[in-house]
Amino acid sequence: MNTLPVQIAFYSLAALTLISAAYVVRARSIIHAGFWLLPCFVGVAGLFATLQAHFFFVAQLLIYAGAILVLILFALMLTRDAMSLHVPLKSHLGIWAGLISAGLGISASLVLARQSWSVTTAHPAGPARQAEALGEALIGLYAVPFEVASLLLLSALIGAVVLAKVERAPAPEPPPLADTLPEPEETRKEPVGVE
Amino acid sequence: MSATDRKVNVLLDILISLRSFLKGMWVTATNLVAREKVTLQYPYEKPQVSPRYRGLFYLPFNEKEQRLNCTGCTLCEQACPTKVISMTKLGAGKHGGVSEFNMDLGRCMFCNLCIEACPFDAIYMGSAYELASYDRDASVFRIEDLAQGGKRSVEINIKTISEALAEEEKAKAAKAKAAAEAKSAADAKAASAAEERQAAEKPAASEPAPSASPESPA
Amino acid sequence: MSMQRLHPRSASQAREILIGVVIAALILAALSATPLLPWHLLDPIRAYFYERPLLNNLAKAVLLVSFMAVQCLFLIWMERKFAGWLQARLGPMHVGWKGVLQTFADAIKLLLKEDIIPALADKPMFRLAPYLVFVPAMLTLMVLPFSPNLVGFDYHLGALFALSISTTGALGILAAGWGANNKYSVLGGMRAVAQLLSYEIPMILIVLCVVTLKNTMSLTQIVERQAGLWNIVAHPLLMIPGALIFFSCALAEVYRAPFDLPEAESELVSGFHTEYSGMRFAIFYIAEFANNVFTAGFAAILFFGGWHGPVLPPIAWFTLKTLLLIFLMMWVRWTLPRLRIDQMMSFCWKLLVPASLILFCLTALSVVW
Amino acid sequence: MTLTTTEITSPGMTLNMGPQHPSTHGVLRLVVELDGEIIQSCRPVIGYLHRGLEKMMEARPYRHNVPFTDRLDYLASLNSNLAIAQAIERIGNVTVPERGQYLRVLLCEINRLASHLVFLGTFATDLGATTVFLYSFRERERILDLLEAMTGARLTYNWIRAGGVPTDLPEGFGERLTAFLDEFQFALDEYDRLLTGNRIFRARCEGIGVISREMAVAYGASGPVARGSGIAYDIRKVAPYDVYDRMEFDVPVYTEGDCMARYRVRVEEMRQSARIIRQCLREMPEGETMAKLPKIFKPPPGEAYSRTESPRGELSCYLSSDGSMNPTRVHFRAPSFFHLGLLPAMLPGVKVADVIAILGSLDTVLGEVDR
């Protein structure tokens, strides 16, 4: 295997990820911050690709770059503050945040440096086998954690629905004479969607 | 409604929907394949307008009398709701006509009222319809633009009318002269008769202004 | 029937149709003769590129993008012509024979047009958005096998990769909608993303059905394993509803009527690209048509046997199937009215998602037994 | 963290639909408050097309007023002509010859066909079915050809005057019209197949923009809008003018009050119009088409009010005279104006896309609203 191109790819992807992550933090507009996540996620996906983890590469693209990021942006756009470009950049929590992330970073680096990793030069399993192996692991050995995780997600989903299902504010005061007409909600039949 | 009913209904609805889509698609397909395309490639092909079409005005040229029919009666001017028409009369009476006839089509509604007002069949609407221009002044049409035959017929019109007017004038003058002569003759006759009478009545009376017949207006 | 009486076709138009049919037949004949051509003369060039993988990939990418650009120009003309005929019009007629060069003229016009960025737009996002839409649209074509030999990147997770990349296009639309600082654009962008994410789910499930049936995620192998029978013939009970669902999702993914809500011109003026003009608009347009080609080609691969077919060379078959599917999309587009956003969502979540789930379960069962 | 639900609700959005918008049918501006895609309130802003037509008419003799009415409802200008012509006749005690009356009915009904075809096309386009627009305009073009043969104009006809109709039918008009009507039946069937049964079209129209019977009465709705809400109110039947009392035709009435009902009413009205046109052609007597009006028309002092059924609804004209050449007051009761008044009551709670459908189904013409 040709290592130099792989190393070049690795370092550039790592740089991409880190720089865009920095921009996510630094961006003035919260929407811009959201969009800076895109190169960040793509960079991570690329790192997976350099590691020959094809399934993770595609999944990262599909789930993070495709779905999660879009949802994040969607949520941002629906909130009031995102409209203004003047979200305060300085926060009194900045010092604490810095301290905590520095501590986390240092401890993670220490762990990484101290731990003796079993490094192998053996070629990973054939790419076609990877997905299969992963699937078998998920419904075999790790079936229980997998199901528990999905249960967690389900409860989160239900919780979100419960939280979001706010009673809609009543329609604004109808104009005069409208008292002769029935409420719009009642007169309209079941939404005639193509069901 | 039970659950199974609902399921059947959903399936039925899908089938009905598909059928309605296919019906519509069949209509568009027949139009795609079997129908004439009705596009008119406009600047290359011009639409055929009907004989009554209300397009650009024209003042018909009367070949027999070698003039435009317009007599300058201003009935059309009065009939126009938006004051499109303005004209300069050329003479009056039987031979009267126009020397200028302006229409500001920028204001015109093409409502046909002027044409209906005209008792002389002197103004009509033709089939020309490409009247748009980039210039506001270009929508003012003068008599040369409106007359059938253009500038030439306007000149002929003016010539015919002025000749006719001159003729009329001459005829009138001759008539007036004749009338005056006849009148002066009659005057003279009457005067002489009076003189005679006077002389007969008062022969000694002096002559009182022996009627200035030579200076009498002709 | 009555229709014949209404507006009978004139003789000259019948002649035009005849000319069109003859031309199509000639093109097909020429295509079917391509295997006889001396392709081996190109072998040295092939070998040259084969020895240099980086150059090879670059050449492939350039070829693919330029091919797509040309195909989009042609498709745009075709769509306009088709819509015209369908609506009893003539379509573009002015530039070139029967308006063939119309899109080239349009492209030149768009290139020369003043490039307008609204004063209050979010400028970086406004500039970025067309490329965020364009690049994924082109990347999806990378894994699409046009013929056994002609595939940009024969990826073993091709199906999943294509789907994941096409989802990324939503970001560009969101950026366009947001960046233009126009309320219609925002609404259009939101609609587009909501629609794209929702319809992605049944689409992925249907792709999974095919993947389960064929036991591979590589698009080339999916096609290869349909050598005897196309999927839709081999498993009609599963694949006909599957193809229908996939087709609905494909329509929604490329924003075509009845799912063209993001750019619903009667409500949102032009949706997320309301404020775009000139080349940026052209890029959106090309991306849209590239997406069209991709979804049609994807459907051809999944259900209609990709490049398989008698007599004609594989590439011809694939193109033919893709074009026919695109025609079908156009036909639907110019016939049906537009759904409302909530109806479209309920159609997806209440009908397509359960149906595709059931279909997936059935497929799994049929594979197990 | 004190995130409460009120803080994360999205802010409302004010959307200006129009005056420049692909589907406001003229220069109408709707100031719409949105919550997501749901309308909170709507305020129609009119007046962009105000030309002071009524005032202009007051400054001109009666006879000059008719061409101005072309500019009211420009899709059915013959019907607007009729409204003022009738008012002038009433104030000046003019009787229209019988053939003139038949010709008026004929022309008005042809124009109704043209107007409803525009409705059909634009309504379908508003809902996204662009093709219907071109089909219906293909048919309308032939109607315009017929009207051009009769009047010489294609949009602003000015061919119904105080006193009658200035000219008789041109040569071969009856045959052309009958041939067209025969084919028009099939065209209507085709639209039916393309639209009426279509599942998506139904989903977009049924139950949308419901106007109850009471509401229609309260807001002064008339024409197809009222008839779609179950009110059998048609001036042609209620207070027949010209020769409508001799015509046999049905007034289609639907009780649902939604967009679909209004659409159906108009489609059915086209069939009925075709029926009336055939009867006119069959029964028209020979004779004069126009009553003689004095050159200087000075009606006695007084007032007149005429009611006509235009394609949009009850179009009435009020005239008052002080015995001089010019009217002292001209006023039109334009149906579209009243229908626009329904919007603020109907729109809250519907989706953005429904705004277009509802507005399209009301079929307003802004020339008539702003005058």
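Below, chain A is the first sequence line, B the second, and so on; all start at residue 1.
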**Asked** Which region of D189(D), side chain (C-beta onward) or backbone (N, CA, C, O), has a non-hydrogen atom less than 4.5 Å from a non-hydrogen atom of chain C, or is it both or neither?
**Response**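 Contact with chain C involves no heavy atom of D189(D) at all.
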
**Request:** Let me know if F201(D) has heavy atoms under 4.5 Å from chain C in its side chain, its backbone, both or neither.
**Result:**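 Both the backbone and the side chain of F201(D) come within 4.5 Å of chain C.
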
**Prompt:** Which residue pairs pass the salt bridge (charged side-chain N to carboxylate O under 4.0 Å, His left out) test when at least one of the two sits in residues 181-192 of chain C, sequence neighbours left out?
**Reply:**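 Found R191(C)-E267(C), R191(C)-E37(D).
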
**Request:** Mind jotting down which residue pairs meet the salt bridge (charged side-chain N to carboxylate O under 4.0 Å, His left out) criterion with at least one end in residues 280-292 of chain C? Sequence neighbours excluded, please.
**Result:**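 Residue pairs passing salt bridge (charged side-chain N to carboxylate O under 4.0 Å, His left out), neighbours aside: D115(C)-R280(C).
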
**Request:** Sort I341(C) into side chain, backbone, both or neither according to what part of it lies under 4.5 angstrom from a heavy atom of chain D.
**Result:**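 Just its side chain gets close to chain D.
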
**Message:** Between V352(D), L194(D), D354(D), who has the most heavy-atom pairs with chain C when the cutoff is under 4.5 Å?
**Reply:**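 It is D354(D).
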
**Prompt:** Who among N198(D), V355(D), V132(D), L195(D) has the most heavy-atom pairs with chain C under 4.5 Å?
**Reply:**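 So the answer, after comparing N198(D), V355(D), V132(D), L195(D), is N198(D).
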
**Message:** Just by distance, no angles: are the side chains of H116(D) and E269(D) close enough, under 3.5 Å, to form a donor-acceptor pair?
**Reply:**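 Distance-only check passes for H116(D) and E269(D).
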
**Message:** Can you see whether E139(D) engages Y191(D) through a side-chain donor-acceptor pair at a distance of less than 3.5 angstrom?
**Reply:**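 Result is yes, a qualifying pair exists.
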
**Message:** Please determine whether salt bridge (Lys or Arg N to Asp or Glu O under 4.0 Å) holds for the pair R278(D) and D182(D), giving the CA-CA distance in whole Å, both sets of side-chain angles, and the decisive distance to 0.1 Å.
**Reply:** CA-CA 10 Å; R278(D) 281 178 201 275; D182(D) 289 344; 2.9 Å; yes

